[in-house]
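Notes follow the structure.
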Amino acid sequence: MPREYKTIEEVAGPLMLVREVSGVTYNELGEIELANGEKRRCKVLEIDGSNALVQLFDSATGINPATSKVRFSGRAMELGVSADMLSRVFDGLGRPIDNGPEILPEKRMDINGLPMNPAARNYPQEFIQTGVSAIDGLNTLVRGQKLPIFSASGLPHAQLAAQIARQAKVRGTDEPFAVVFAALGITYEEADYFIQSFRETGAIDRTVLFINLANDPAVERIATPRMALTAAEYLAFEQNMHVLVIMTDITNYADALREVSAARKEVPSRRGYPGYMYTDLATLYERAGRQHGKSGSITMIPILTMPEDDKTHPIPDLTGYITEGQIILSRELYRKNIAPPIDVLPSLSRLKDKGIGEGKTRADHADTMNQLFSAYARGKDAKELMVILGEAALTEIDKKYAKFADEFEKEYVSQGYNTNRDIEETLDIGWKLLRILPRTELKRIKDEYLDKYYEE
């Protein structure tokens, strides 16, 4: 039974204190009714004896404690889920915003989800093809993995996110594949870009979009990724689909967390973020994975802009601890017009070895990947030496490595945002570039692969 109270003590920013409540629980949803009949939604943040601290989803303007009343629903925040969610666009609280009909839910699920028992987890091991060479060839994404993209202000992470969402697929299987795309704190222009990009290519048919705009309340931004993950869990574990969850921008989410924490007057930790931010981010990221006995899976690509391009900032730092690697975008490559500007050397996919090789990609993948890393690193060193000492100081072989580094960036990394390369094409481009170097330099590749691919 909903319980109604007229004991609002005070309203301070997005928070409201209600006294003399009973049986109200943490995270419970409520509704505030103003004297004029207007209704606003809220959520219980904290219970202290008979006092409830409530957080507003809408503005606090016009709430008069003397004449307003609060009604608690007895339920946590839920999302009505159904297979009809595919191809639809929702706001941050799961309401349709694409002028389509309301969703008729098959069931309602708590957006906080249930933690996945570690013993019930299956190891990520199947290759997901994103169509982006710098990821597929060198920092391979594996089904069930969490692989964040570390970007920075002004870099084209939105284009890369949309490209991966359009192109990603699990190869060699007829099992259905879906994308859940959560946009947090973005502008109208960005929201429009994502929606149009998916519609033009037909990718919208297998995509569920949750869009939270920059002018939406901070508390809604905290709910949005949980809404998206709840939809993903339903599609993966009840509809047996492979689901790729892309969330951009986690930095906006963390800032919303800090804003709410400051409103609660909590003691801040590093850079003013709450001390529980690690735990909070883990409650999102750890909802990805595969489960024993279920064919569906959730693979996650969270995207975050590093404030001041700083990898040691708390948001990328804590994200790196929880996830299995990172793809790093580089301002230097962006200035050279490399698109996407993925810096492959500091990027890392910790599970890549599990998703490549015979029967998954191609037998020569691991060897060529190691050789490309090695040659690119040496080529960059040679180019730095050339800047300091001039080209005359380089040996003939160093000049070849320097040429390799330039060609590698131009041909392998820079493919634009509309090119979808399958893994065979990516591997063949790798071999084409390795032919710049003499065969004797390719010490990381077995002779059988050199015989087969190098001389072609």
Minimum heavy-atom separation for Ala223 and Leu93, please, with both atom names. CB-CD2, 3.9 Å
Does Asp249 reach the main-chain N or O of Thr305 with its side chain, forming a donor-acceptor pair under 3.5 Å? yes
So, the side chain of Glu190 versus the backbone of Thr187: is there a donor-acceptor pair under 3.5 Å, distance only? yes
Check residues 45-54 and write down every donor-acceptor pair under 3.5 Å in which the side-chain atom is one partner and the other belongs to a residue at least two apart or another chain.
from, atom 1, to, atom 2, distance (Å)
Glu46, OE1, Arg264, NH2, 2.9
Asn51, OD1, Arg19, NH1, 3.3

For the pair Lys452 and Asp364, find out whether any cationic side-chain nitrogen is under 4.0 Å from an anionic carboxylate oxygen. no
In plain terms, say whether Glu424 and Arg362 are close enough for a salt bridge, that is, a side-chain N and a carboxylate O under 4.0 Å apart. no
For residues Met247 and Tyr253, determine if any side-chain heavy atom of one lies less than 4.5 Å from a side-chain heavy atom of the other. no
Using 4.0 Å as the upper bound for N to carboxylate O, is an ion pair formed by Arg421 and Asp428? no
Glu259 bridged to Arg221 by N-O distance under 4.0 Å: no
Taking all non-hydrogen atoms of both residues, which atom of Lys352 and which atom of Phe373 are closest, and how far apart? NZ-CE1, 3.7 Å
Measuring only between side-chain heavy atoms, which start at C-beta, is Leu235 closer than 4.5 Å to Val208? yes
Determine which pairs satisfy ring pair (Phe, Tyr, Trp, His ring centres under 6.0 Å) with at least one residue from residues 134-177, sequence neighbours left out, and list them in order. none
side-chain hydrogen bond (donor to acceptor under 3.5 Å, both in side chains) involving Glu411 - partner list, sequence neighbours excluded: Lys432
Are Arg271 and Asp317 ion-paired here, with the side-chain N under 4.0 Å from a carboxylate O? no
Does Asp136 pair with Lys360 as a salt bridge, N-O distance under 4.0 Å? no
Would you tell me whether Thr368 and Tyr449 have side-chain atoms, one donor and one acceptor, within less than 3.5 Å of each other? no
Pro314 backbone acceptor or donor facing Tyr278 side chain under 3.5 Å: no
Step by step, work out the ring pair (Phe, Tyr, Trp, His ring centres under 6.0 Å) result for Tyr376 and Tyr412. CA-CA 11 Å; Tyr376 181 50; Tyr412 195 96; 9.4 Å; no
Is the backbone of Lys354 close enough, under 3.5 Å, to the side chain of Gln125 for a donor and an acceptor to pair up by distance? no
Might you work through the side chain to side chain contact (heavy atoms under 4.5 Å, CB included) test for Gln167 and Val132, ending with a clear yes or no? CA-CA 9 Å; Gln167 297 178 176; Val132 179; 4.3 Å; yes
Check against side chain to side chain donor-acceptor pair (under 3.5 Å), Arg143 and Ser297: CA-CA 7 Å; Arg143 190 160 79 85; Ser297 63; 2.8 Å; yes
Salt bridge present between Glu286 and Arg121 (N-O < 4.0 angstrom): yes
Can you confirm whether Ile204 sits close enough to Leu209 that some side-chain heavy atom of one is under 4.5 Å from a side-chain heavy atom of the other? yes
Evaluate the side chain to side chain donor-acceptor pair (under 3.5 Å) criterion for residues Thr230 and Arg287: first the C-alpha distance (whole Å), next the side-chain angles of each, then the deciding distance (0.1 Å), finally the verdict. CA-CA 9 Å; Thr230 304; Arg287 288 170 76 173; 3.1 Å; yes
N-O pairing of Arg331 and Asp309 below 4.0 Å: yes
